[in-house]
Amino acid sequence: MSIPYATYRKLLSENKLGAAKLVRRADIALNTMTRLQKDKEVSLSVLGRLCEVPDCNFGDPVDYVSEKHEEEK
């Protein structure tokens, strides 16, 4: 399963929010930031905090790609 956060990174860029600001404002650990940058899974509570920073909807930070779709590539 792949969970690309490219849309969220674009949203952060548009709002001029870098990694350091995001870590502070969302109160997330540095290893969580690393997981985001590597498109790895994070908990729902973390996603909720991430949505509060740029004031977006819960589905905005995540694009879901199924394993079946990945295998077809």
Side-chain angles (χ1 to χ4, degrees):
M1 171 175 51
S2 176
I3 304 177
Y5 297 98
T7 305
Y8 186 68
R9 286 191 290 268
K10 182 179 176 185
L11 179 65
L12 293 174
S13 176
E14 290 170 357
N15 287 293
K16 296 181 173 52
L17 291 167
K21 282 185 183 178
L22 182 62
V23 166
R24 279 193 315 273
R25 290 184 183 179
D27 191 28
I28 60 174
L30 290 176
N31 65 334
T32 302
M33 188 67 214
T34 300
R35 292 185 66 75
L36 288 171
Q37 292 169 337
K38 292 183 178 183
D39 293 334
K40 302 288 184 182
E41 299 170 19
V42 296
S43 71
L44 291 175
S45 62
V46 168
L47 285 177
R49 285 183 279 167
L50 292 172
C51 288
E52 291 177 5
V53 176
D55 193 27
C56 64
N57 292 318
F58 192 74
D60 292 341
V62 179
D63 293 318
Y64 174 76
V65 179
S66 71
E67 289 178 16
K68 182 179 177 181
H69 184 71
E70 284 181 347
E71 291 172 1
E72 291 173 357
K73 288 184 178 181

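For residues 5-31, every residue pair satisfying the salt bridge (charged side-chain N to carboxylate O under 4.0 Å, His left out) rule, not counting sequence neighbours, is listed here: Arg9-Asp39.
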Enumerate, atom names and distances included, each donor-acceptor pair closer than 3.5 Å involving a side-chain atom of residues 28-38, sequence neighbours excluded.
unit_1	atom_1	unit_2	atom_2	d
Thr34	OG1	Leu30	O	3.2
Arg35	NE	Glu41	O	2.7
Arg35	NH2	Glu41	O	2.9

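For the pair Leu47/Val42, a side-chain contact is recorded, criterion being any heavy-atom separation below 4.5 Å from C-beta on.
Here Tyr5 contributes atom OH and Leu12 contributes atom CG; the two are 12.5 Å apart, rounded to the nearest 0.5 Å. Atom CG of Leu22 and atom CG of Asn15 lie 11.0 Å apart (nearest 0.5 Å).
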